[in-house]
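Heads up, the thing below is written out as structure tokens.
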Amino acid sequence: MTTPIRWGIAGPGRMAAAIVPEFHTAPNAELVAVGSRSAERAESFATEHGIARWHASYESLVADPAIDAVYIATPHPQHTDIALAAIAAGKAILVEKAFTATVADTERIVAAARAAGVFAMEAMWTRFNPAIAHLRDVIAKGEIGELRGCQGDLTAFREFDATDRLFDPAKGGGAVLDLGVYVISFAQHFLGTPQTVRAVGGRYPSGVEGEFSVLLGYHDGRSATLAGAFTAYGPGRMMLTGTKGWVDVHPRFHRAASVTIWRGKTPETLEFDSDYRYEIEHVGQCLAAGLTESPVMPLDDSIAVQQIMAEVLGQL
């Protein structure tokens, strides 16, 4: 049995609280520390979740010799400084999506990780869920033919609150970085990086976008139509269409608990387990294999998705 990867969490917020139990279920992971800019928040989070060590700064967290890897769960604009510090300290990083708030920051982290030979990956957990791994196999075997399109949406209704991070431009708020990253990363994963991006949408008084629709176009005629919103309720489903069939990823697609594979007109519906444990396990497997990038969520994909989101935000 391999020695478990010892993890530290940067940013004791909502996302970190949601993922803590998964470190206990991943067989190759051990959660040993948490860090925050607030000593009070770090100590409170550590006490609440039974974490042995806490740090009153991110600098102290990444310098902790008892940590092998850092999961970065702060608001998007804070990812860059923590990631660069962790890389400089030789710690592997799992960076919550969106990877950063800008293309330039994503490129800085990628360049630093590659120069240092340190593992870095975006925490796009959907790609690691068993249903999506199964779909990769189905598509690779040609069971639905050649992929020609992707259609999907992800909505999460929120009442506008100027004090909430989701609506604050300074904290990386807006539907594109929060929801768009899921639909865009899904399309990019299966269709590749598009040559054309067209976007429409609407904005809140704070300046961040509350809703968007995106058309991704490819030179060979393939396309993806994607949408997301804080302004409406919706299913959150995804469809991949091919020359011999199609796939429905049932709501909510980013959890990928159920899929229907249509080979011609014959459906097969399958149920799958779905949680954050799989991305944590994957990082441990990559580190055990001596990899510095994930073959499932490579850094070039994170850059590509960040560039598409920047193009969308620019058009909105």
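Model, not experiment: these values are computed from the prediction.
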Show the nearest heavy-atom pair for residues [X] and [Y], with the distance to one decimal.
| X | Y | value |
| --- | --- | --- |
| E122 | S302 | OE1-OG, 2.7 Å |
| A131 | V259 | CB-CG1, 4.0 Å |
| R148 | D220 | NH2-O, 3.0 Å |
| R6 | P65 | NH2-O, 3.4 Å |
| P205 | F160 | CD-CZ, 4.3 Å |
| V197 | P194 | CG2-CG, 4.3 Å |

Tell me which donor-acceptor pairs under 3.5 Å the side chains of residues 80-94 have, and how far apart each pair is, sequence neighbours excluded?
unit_1, atom_1, unit_2, atom_2, d
T80, OG1, D105, OD2, 3.2
K91, NZ, D64, O, 3.0
K91, NZ, I67, O, 3.1

Taking only residues two or more places apart in sequence or in another chain, which ones pass ring pair (Phe, Tyr, Trp, His ring centres under 6.0 Å) with Y278?
none
For the [atom1] atom of [X] and the [atom2] atom of [Y], what is their distance to the nearest 0.5 Å?
| X | Y | atom1 | atom2 | answer |
| --- | --- | --- | --- | --- |
| E30 | W7 | CD | CH2 | 13.0 Å |
| I5 | L287 | CD1 | CG | 4.5 Å |
| D161 | L166 | CG | CG | 9.0 Å |
| D137 | H134 | CG | NE2 | 7.5 Å |
| Q151 | S223 | CD | OG | 7.5 Å |
| H55 | I9 | NE2 | CD1 | 12.0 Å |

So, Q285 and N28: side-chain donor and acceptor under 3.5 Å apart, yes or no?
no
Side-chain H-bond candidate by donor/acceptor type, E311 with Q307, under 3.5 Å
no
Are R127 and E279 close enough for a salt bridge, meaning some N to O gap below 4.0 Å?
no
Pair K97 + D301, salt bridge at N-O below 4.0 Å:
no
Parallel, tilted or perpendicular, judged at 30° and 60°: which one describes the rings of W246 and W262?
parallel
pair [X]-[Y]: side-chain heavy atoms closer than 4.5 Å:
| X | Y | value |
| --- | --- | --- |
| V70 | Y58 | no |
| L215 | V200 | no |
| F45 | I51 | yes |
| F212 | M309 | no |
| F186 | L226 | no |
| F253 | V183 | yes |
| V296 | R136 | yes |
| L191 | L216 | no |

With sequence neighbours excluded, residues passing salt bridge (Lys or Arg N to Asp or Glu O under 4.0 Å) with E211:
none
Could you check whether F230 and F167 have their ring centres less than 6.0 Å apart?
yes
Hydrophobic clustering (ILVMFWY, side-chain heavy atoms < 4.5 Å, transitive) - are [Y] and [X] grouped together?
| X | Y | result |
| --- | --- | --- |
| V214 | M238 | yes |
| V34 | V32 | no |
| Y71 | V20 | yes |

